[in-house]
Amino acid sequence: MDDLQQAILLASDSPAAAAASPSVRAEALAFCARARDESPPSSLLRLCLSGLASSPHAQVHFWCLQSLHDALLHRRLVLLDDLALLRSSLLSLAVSSHAASPPFLRNKLAQLVALLIRLDYPHVYPSYFLDLLPPAPPQPGLTDMFARVLISLDDDLLSQEYPRSADEATDAMRVKDSMRAQCVPQIARHWHAAASTLRTADPAAAAVALDAARRCISWIDVGLVANDVFIPLLFDIALSPGSATPLAAAAVGCLSAVAAKRMDARAKVGLLRSLLVAQQGLGSPDSGLKMAPLVTTYAAEARECYRRLGASDADGAAALEMLEEVLPAVFAAAESSDDEEVDAGSVLEFLSGYVSMMKAPSEKQLGHLGQILEVVRVQMSYDPVYRGHLDVLDKIGKEEEDLKAEQRKDLIALFRSICRVAPAAVQLFIRGLLVTALSSAEASVEDAEVALTLFYRLGEAVGEEEIWTGTGLLGELVPMLLAARFSCHTHRLVALVYLETVTRYMKFMQEHVQYVPHLLGVFLDNRGIHHQNAHVSRRAGYLFMRAVKLLKAKLVPYLDTILQSLQDVLSQFTSMDWANKDAKFPSSEDGSQIFEAVGLLISIEEVSPEKQAQYLTALLNPLCHQIESLVMDAKAQGLEESSPRSISLQQIIVALNMVSKGFNERLVMGNRPAIGVMFKKTLDVVLQVLVSFPNVKPLRSKVISFLHRMIEILGTPVLPYIPIALRQLLLDNEAKDMVEFLVLVNQIICKFKSSASSVLEEIFPTIASHLSVILAQDAFSAGPASNTEEMRELQELQRTLYTFLHAMATHGLSTILLTPSCVQYLDTIMQLLLFTSCKHKDILLRKACVQIFVNLVKDWCTNSEDKITGFREFMIEKFATNCCLYSVLDKSFDLRDANSLVLFGEIVVAQKIMYERFGDVFIKKFVETDLTKVCCPPDLAKQYCQKLQGNDIKAFRVVVSSMYIELPFLRLEDVYCGNIFTNCGYPWRSSLFIAF
């Protein structure tokens, strides 16, 4: 024992351990583990009991108790003599002076005794509780120890708040039944005696006794506690100013457990009435502050009784009266939910349930709803302590904002419920908040923010028609909002929620156009775009753009005013000192929404052509001149990606792109061609950036985005610019760059179709050459290697490549592949398409490849001649066999999957098209050779031929589906091997395909 004691001390947090080396401590830990795990159970029992009896060290006692608990829990101690020795020793410890030992030892001893009770009571040893029950008058040590045993028993076995196994549930029922039959009345008398005797002498012991009582009330006879003796005592302890806080909380916990006791609704009404009689001031705000858990539970139980019994029942009506009597206390508890004693979640749950039971609120209930709204307001308000942090939004401010957003979720749900029940009352409440916040020069940030937030949430709850027409008080509140200038409007929180709230009610201006100038003032003055906080200003720009999209034509009369107000913002791109390396520059996206909004306004057809040209010239010319100036300087001094000049160029191109979003091809090239001329000149200037700096990737991306817009709004006149741009964009490309490039080319194909053939024929060899280099690696690899950023970029490039080929095939451009400069890549493309159509894991890509083949057959093959030798044989020998047969018979092909079903439909169409173009040659090869190889029944093959030659594609699809179902599954790896992709009489080889 001496060696073990020394090892335990070295392994614990004792002074000896602090002075020991890590190696010595590790050796001590190993020694203790061996003593616990390798000692025979009887030896371990006696060793631990010896340590408990002889050692003066708490660390040794704890180790011994823990080792005994583990041995008992894992059923290592099974001998009856050992168990009897353990039982007698532990009971002796529990009622001896050891009960005054440190709390962690008392808890561990209680846990061990509770485990013995579970195993032995009552069939082995029925006297546990009678032995442990303290004699009268209760003494602190014995009272504390007995309570801890009950608490441990509840935690480990009896409580239903935790999931229990079937064995645990059986043991719990056995213990409860035996206690109810044997000793619960004596235990209840002990709780009362302990609370009344020790409340002054030892409040801590009295508190732990009441905590044990609270845990047991749910399964004992409630009359043992809910009586004329115990209940008044609990109320007295809970409300007495002299009661220690833990003791008062324990008393409230017991009262709450009594109120929550499960029983018949009528019996519950009687129980609740008795509590109200025992403490007639239960509904006072003071009770809510001192007994928040009780009043919340009481109100919830009264509401449930009313729900079950109904208003027409006498007991139901009584339940409603009792509920309304304690509501003032509930409201007081809710408003003080920052108090740690108040469970804010329970309070909100009750309030939500109370509101949900209302249909047509009475005057009294409307008053209660007003109090609930005040609770919501208080709980949603920020703590003023964080005001500065929330303004600059530092780390502390961000954390507080995130925390408050999470806390507000349930409050917002409650607020919406009130909006549904009493919308007029909510609007009246919000008007009061706004008037108060606006009328006081001392209005706090927190009050203004929460008033605006609630007004915003009201906009979510009411319908669009109500906002549009200004139903109720909205006709007064929205104008008040538009004219509002809070004394704390400079604060970030207030400014942001103000702008969001104004945006929420913008539909109001569609019907009430007289308020449009007020709306513009919100966005254009120092409440919006000109706010001193940059984040607020940016957000205002975005919301202003949304306002322009919504109101558009209604803003035309104010266009001059808008442009004048935005002049400083619009000109900032041309007035910054970009040569100053110490200057702080905005990002390339800053201010872009404002340019989009201005472009939307200028593009409105109600604006005269002269004015439109004037506005657009004033907007485009300075930006183009700035581009020319920056390009000239950059050519002389060089240009780096992150340099101020590069950022400036990106920002200007983004601004030009945003301006163009308001225009369309009909307006630019049809109705007002002068606008088209302006944009073509602008495109000339922007392309100079690409020509001069093709390797600056951020600039390149912005130019591509601008090109997309110009293709959309200029149409065919942009074609002469395309070759210049595409040649520059094909320089020095990586996978991500090629994706951007191919997306642009796809747009050109879809927009111009055959008109783009000459451009495409010129660039296609370069595209194919680049792709053969970039994709010459295993982009289909599995495992961790396929999850890298580089590999994801390659896979995205592959998908874009298939889209590109699909666009060519479906827009009449497939003959480009047959031109002298492109035909050398045909082998690679055909093999890649064949492999993908058969085996790619992305079903939609397989479908696209099948569609490509179908279109190639239509374009290249007729009944009399083909545009290229060998393609017909390839389709019959390779595509039909591998894609139309083997790939569908593979186990991975699931016709129950929606995407696979779509692919199957395309494969059926492919077979029909091949028959139409290839005739009996296709039937002979596919039916007599391929289907025979896979053991297709002759009758199915005959049906296949008949339906293939008919005109009913639906009937043909049914037959094909039936045929595939009848045929055996194949393993794809057994099919795609050997000479499946060998020479068909033409030199189609593919190193790129082999890499895939």
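Because the structure is a prediction, the values reported are computed rather than measured.
For the pair Glu446/Arg387, a side-chain contact is recorded, criterion being any heavy-atom separation below 4.5 Å from C-beta on. In this structure, the side chains of Arg215 and Asp211 come closer than 4.5 Å at one or more pairs of heavy atoms. Counting heavy atoms from C-beta on, the side chains of Gln279 and Ile231 never come closer than 4.5 Å. Under the 4.5 Å side-chain criterion, counting only non-hydrogen atoms from C-beta, Leu210 is in contact with Leu234. Annotation: side chain of Cys183 is not in contact with side chain of Leu133 (no heavy-atom distance under 4.5 Å). Put simply, the side chain of Leu150 reaches to within 4.5 Å of the side chain of Ile187, judged on heavy atoms. At least one side-chain heavy atom of Pro103 sits under 4.5 Å from a side-chain heavy atom of Arg148. Between Leu482 and Met509 there is a side-chain heavy-atom pair separated by less than 4.5 Å.
Taking the charged nitrogens against the carboxylate oxygens, Glu500 and Arg539 do have a contact shorter than 4.0 Å, which makes a salt bridge. Ion pair Asp221/Arg180 not flagged as a salt bridge, since none of the NZ, NE, NH1 or NH2 atoms sits closer than 4.0 Å to an Asp/Glu carboxylate oxygen. With respect to Asp144 and Arg106, a salt bridge is recorded, a charged nitrogen being found less than 4.0 Å from a carboxylate O. In this structure, Arg308 does not pair ionically with Asp313, as no charged nitrogen and carboxylate oxygen lie closer than 4.0 Å. Residues Asp315 and Arg266 are paired through a salt bridge, judged by an N-O separation under 4.0 Å between the basic side chain and the carboxylate. With respect to Glu374 and Arg377, a salt bridge is recorded, a charged nitrogen being found less than 4.0 Å from a carboxylate O.
The distance from the CG atom of Leu309 to the CG atom of Leu320 is 11.5 Å, given to the nearest 0.5 Å. Atoms CG and CG, from Leu282 and Leu255 in turn, are 9.0 Å apart once rounded to the nearest 0.5 Å. Lys398 NZ to Tyr386 OH: the interatomic distance, rounded to the nearest 0.5 Å, is 15.0 Å. The CG atom of Leu493 sits 11.0 Å away from atom NZ of Lys404, with the distance rounded to the nearest 0.5 Å. Rounding to the nearest 0.5 Å gives a distance of 12.5 Å between CZ of Arg416 and CD1 of Ile418. Considering CZ of Arg118 and CD of Glu168, their distance stands at 5.0 Å, rounded to 0.5 Å.
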Go through Phe129 and Leu153 one step at a time and tell me if the side chain to side chain contact (heavy atoms under 4.5 Å, CB included) criterion holds.
CA-CA 12 Å; Phe129 295 102; Leu153 190 62; 3.8 Å; yes
Can you list the steps and then say if Leu434 with Leu452 is a side chain to side chain contact (heavy atoms under 4.5 Å, CB included)?
CA-CA 8 Å; Leu434 289 176; Leu452 289 168; 4.3 Å; yes
Go through Lys507 and Gln510 one step at a time and tell me if the side-chain hydrogen bond (donor to acceptor under 3.5 Å, both in side chains) criterion holds.
CA-CA 5 Å; Lys507 281 184 168 50; Gln510 290 181 309; 5.3 Å; no
Starting from the C-alpha separation in whole Å, work towards a yes-or-no answer on side chain to side chain contact (heavy atoms under 4.5 Å, CB included) for Trp219 and Val184.
CA-CA 10 Å; Trp219 56 270; Val184 166; 4.3 Å; yes
Salt bridge (charged side-chain N to carboxylate O under 4.0 Å, His left out) between Arg457 and Glu460, worked out:
CA-CA 5 Å; Arg457 296 299 176 180; Glu460 291 181 331; 2.9 Å; yes
Working note: Gln427 + Ile430, criterion side chain to side chain contact (heavy atoms under 4.5 Å, CB included); need CA distance, chi angles, decisive distance, verdict.
CA-CA 5 Å; Gln427 293 178 22; Ile430 289 175; 5.8 Å; no
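Here the side chain of Ser196 pairs a donor or acceptor atom with the backbone of Ala193 at under 3.5 angstrom. Distance alone, capped at 3.5 Å, places no donor-acceptor pair between the Ser159 side chain and the Asp155 backbone. At distances below 3.5 Å, at least one donor-acceptor pair connects side-chain atoms of Asp391 with backbone N or O atoms of Arg492. Judged by distance alone, the side chain of Asp447 and the main-chain N or O of Ala443 form no donor-acceptor pair under 3.5 Å. Judged purely by atom type and a 3.5 angstrom limit, Arg408 uses its side chain to pair as donor or acceptor with the backbone of Met380. At distances below 3.5 Å, not a single donor-acceptor pair connects side-chain atoms of Ser287 with backbone N or O atoms of Ala329. The backbone N or O of Gln182 sits less than 3.5 Å from a side-chain atom of Gln186, completing a donor-acceptor pair. At least one donor-acceptor pair closer than 3.5 Å links the side chain of Asn227 to the backbone N or O of Leu224. Within the 3.5 Å criterion, the main-chain N or O of Thr436 finds a donor-acceptor partner in the side chain of Ser439. Checking side-chain atoms of Thr471 against main-chain N and O of Ile467 turns up no donor-acceptor pair under 3.5 Å.
Contact record, Leu198 with Pro138: CD2-O, 3.8 Å, taken as the closest heavy-atom pair. The two atoms that bring Ala437 and Ala448 nearest to each other are CB-CA, 4.4 Å, heavy atoms only. Heavy atoms only, all atoms of each residue included: Ala205 and Thr143 are closest at O-CG2, 4.1 Å. The minimum heavy-atom distance between Leu351 and Ala334, with the atom names listed, is CD1-CB, 4.3 Å. Of all the heavy atoms in Phe508 and Gly470, the pair that sits closest is CE1-CA, 3.8 Å. Residues Ile237 and Ser243 share a closest heavy-atom pair of O-OG, 2.7 Å.
None of Thr297, Leu323, Val295 except one satisfies the side chain to side chain contact (heavy atoms under 4.5 Å, CB included) rule with Phe350; the exception is Leu323. Partner Glu301 forms a salt bridge (charged side-chain N to carboxylate O under 4.0 Å, His left out) with one of Arg273, Lys261, Lys268, Arg262 and no other, that one being Lys268.
In the displayed structure, Asp228 atom CG is contacted under 6.0 Å by at most 12 heavy atoms of other residues, nucleotides or ligands. Within 6.0 Å of CD in Glu399 there are more than 12 heavy atoms belonging to other residues, nucleotides or ligands.
Every pair passing salt bridge (Lys or Arg N to Asp or Glu O under 4.0 Å) that includes a residue from residues 288-300 is listed here, sequence neighbours excluded: Asp286-Lys290. Contacts classified as side chain to side chain donor-acceptor pair (under 3.5 Å) and involving residues 353-362 (residues at least two apart or in different chains) are given here: Tyr354-His368.
A side-chain donor from one of Glu449 and Thr453 sits under 3.5 Å from a side-chain acceptor of the other. For the residue pair Arg504 / Thr501, no side-chain donor-acceptor distance below 3.5 Å is found, with atom types taken as modelled.
In this structure, Tyr505 has its ring center no closer than 6.0 Å to that of Tyr456. You'll find the ring centres of His190 and Phe146 inside the 6.0 Å limit.
Using cut-offs of 30° and 60° for the angle between ring planes, the Phe486 and His489 rings count as tilted.
Taking the ring pair (Phe, Tyr, Trp, His ring centres under 6.0 Å) definition, one finds that Tyr382 meets it with nothing, sequence neighbours left out.
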